[in-house]
Amino acid sequence: MAPAIALQTIAGRSIAIPNPSARFVHLQFRRFAGCPVCNFHLMTLARRQPEIEAAGIHQVVLFHSSKEEMRKYQAQLPFDCVADLGKKHYRQFGVENSVLALLNPRVFWSGMRWVLASRRFYRKAENGITGLPADFLIDSGGRVVACNYGTHADDQWDADELLKLAADAGHVTPKPWRASALPNAE
């Protein structure tokens, strides 16, 4: 079971996880707000948002950045974005850092695609550049039905994987997640 958490979006909306009004919550932990890899990934998910929403998936994205920094990059996204500068929820869910975050060749290409598409590059990396991504698919009752702890900065579910996981959720055994993170929850 996922820990029950109450969040406030960068737009000032209150949200809760689990969300009994959504079939699933796709809880995403991303890196710093200006991360080119994260922003390219979120741009691709935003393009598929109508399809994801039609599958009953509520997307919630956390960054280990301030609201002010996030508003520069995530304000236009069609899903809920949450600032977790102190990384409280990262610790609750066992999301980690690694110097290996940047060493996979996919990281460079994905980041470069964002820079070319947006003509922007970050100026600030709150909490550093070594953060790893993580994805959780949580049902309306709070059960984690799937999760992915990234091994590098571009190791995250794409829209096709997310939709397949949601479609299969009633037919597969949930993937194990780091339940050991729960005793450390604040």
Side-chain angles (χ1 to χ4, degrees), residues 1-33 35 38-39 41-42 45-46 48-96 126-127 131-150 156-159 161-170 172-186:
M1 297 297 289
I5 56 176
L7 303 168
Q8 185 175 37
T9 70
I10 61 173
R13 284 189 341 104
S14 295
I15 56 174
I17 298 173
N19 178 349
S21 65
R23 184 171 171 226
F24 297 105
V25 170
H26 176 207
L27 182 61
Q28 304 175 56
F29 291 86
R30 299 294 163 235
R31 297 159 24 94
F32 58 96
C35 172
C38 301
N39 287 307
H41 174 70
L42 292 174
L45 287 178
R48 307 268 310 265
Q49 180 63 8
E51 190 178 352
I52 292 167
E53 200 170 82
I57 302 168
H58 174 199
Q59 296 201 80
V60 178
V61 185
L62 279 77
F63 279 88
H64 54 71
S65 292
S66 65
K67 287 181 185 181
E68 296 76 24
E69 191 69 11
M70 285 183 66
R71 285 185 187 117
K72 297 175 189 175
Y73 297 94
Q74 285 80 44
Q76 80 291 351
L77 291 173
F79 26 81
D80 288 322
C81 297
V82 176
D84 187 10
L85 185 59
K87 292 185 157 184
K88 173 185 176 182
H89 302 296
Y90 284 74
R91 287 189 301 277
Q92 279 183 302
F93 282 83
V95 182
E96 300 177 349
E126 292 173 314
N127 281 312
L132 291 170
D135 293 274
F136 297 86
L137 189 61
I138 302 168
D139 71 13
S140 61
R143 185 172 64 105
V144 177
V145 297
C147 72
N148 177 57
Y149 287 94
Q156 49 213 345
W157 293 335
D158 64 20
E161 289 172 288
L162 175 61
L163 291 166
K164 181 172 179 4
L165 288 166
D168 293 347
V172 297
T173 304
K175 290 183 180 180
W177 73 291
R178 295 180 186 156
S180 61
L182 290 178
N184 297 329
E186 295 176 8

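All values below come from the heavy atoms of this structure, side chains included, with hydrogens, waters and symmetry mates left out. None of these values were measured; they are calculated from a predicted model.
In this structure the side chain of I5 never reaches within 4.5 angstrom of the side chain of K88, judged on heavy atoms. Here the side chains of L62 and L7 are in contact, with some heavy-atom distance below 4.5 Å. Proximity of L163 to I57: side-chain heavy atoms (C-beta onward) are separated by under 4.5 Å at one or more points. Side-chain contact between L77 and V61 is absent, with no heavy atoms from C-beta onward closer than 4.5 Å. Taking 4.5 Å as the limit, every side-chain heavy atom of C35 sits out of range of all side-chain heavy atoms of Y73. Looking at H64 and F32, their side chains come closer than 4.5 Å, going by heavy atoms from C-beta outward.
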Candidate pair E69 and K72, rule salt bridge (Lys or Arg N to Asp or Glu O under 4.0 Å), full reasoning: CA-CA 6 Å; E69 191 69 11; K72 297 175 189 175; 3.0 Å; yes
Show, in sequence, the C-alpha distance, side-chain angles and deciding distance for V145 and L165, and conclude whether the side-chain contact (heavy atoms from CB on, under 4.5 Å) test is met. CA-CA 8 Å; V145 297; L165 288 166; over 6 Å; no
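When all heavy atoms are compared, the tightest approach of S140 to P18 is O-CB, 3.7 Å. Closest of all the heavy-atom pairs between D139 and F24 is CA-CD2, 3.8 Å. Nearest heavy-atom pair, I10 versus A83, reported as atom, atom and distance to 0.1 Å: CG2-N, 4.1 Å. In terms of heavy-atom proximity, P133 sits nearest to R30 at CB-NH1, 3.2 Å. Between G141 and M1, the closest heavy-atom pair is O-CE, 3.1 Å. Nearest heavy-atom pair across Q8 and V82 is O-CG1, 3.7 Å.
Although no hydrogens or angles enter the test, the distance criterion places a donor-acceptor pair under 3.5 Å between the side chain of E161 and the main chain of D158. Side-chain atoms of R91 come within 3.5 Å of backbone N or O of G86 as a donor-acceptor pair. Judged by distance alone, the side chain of Q156 and the main-chain N or O of D135 form no donor-acceptor pair under 3.5 Å.
No side-chain donor-acceptor contact under 3.5 Å links H89 and D84.
The distance from the SG atom of C81 to the NZ atom of K67 is 12.5 Å, given to the nearest 0.5 Å. With values rounded to the nearest 0.5 angstrom, F29 atom CZ is found 7.5 Å from Q92 atom CD. With values rounded to the nearest 0.5 angstrom, L27 atom CG is found 8.5 Å from I15 atom CD1.
Note: Y149 and F136 have perpendicular aromatic rings, judged against thresholds of 30 and 60 degrees for the angle between ring planes.
The distance between the ring centers of Y90 and F63 does not fall below 6.0 angstrom.
Partners of L45 under the side-chain contact (heavy atoms from CB on, under 4.5 Å) rule, at least two apart in sequence or in another chain, are H26, Q28, H41, L42, I52, Q59, F79, A159.
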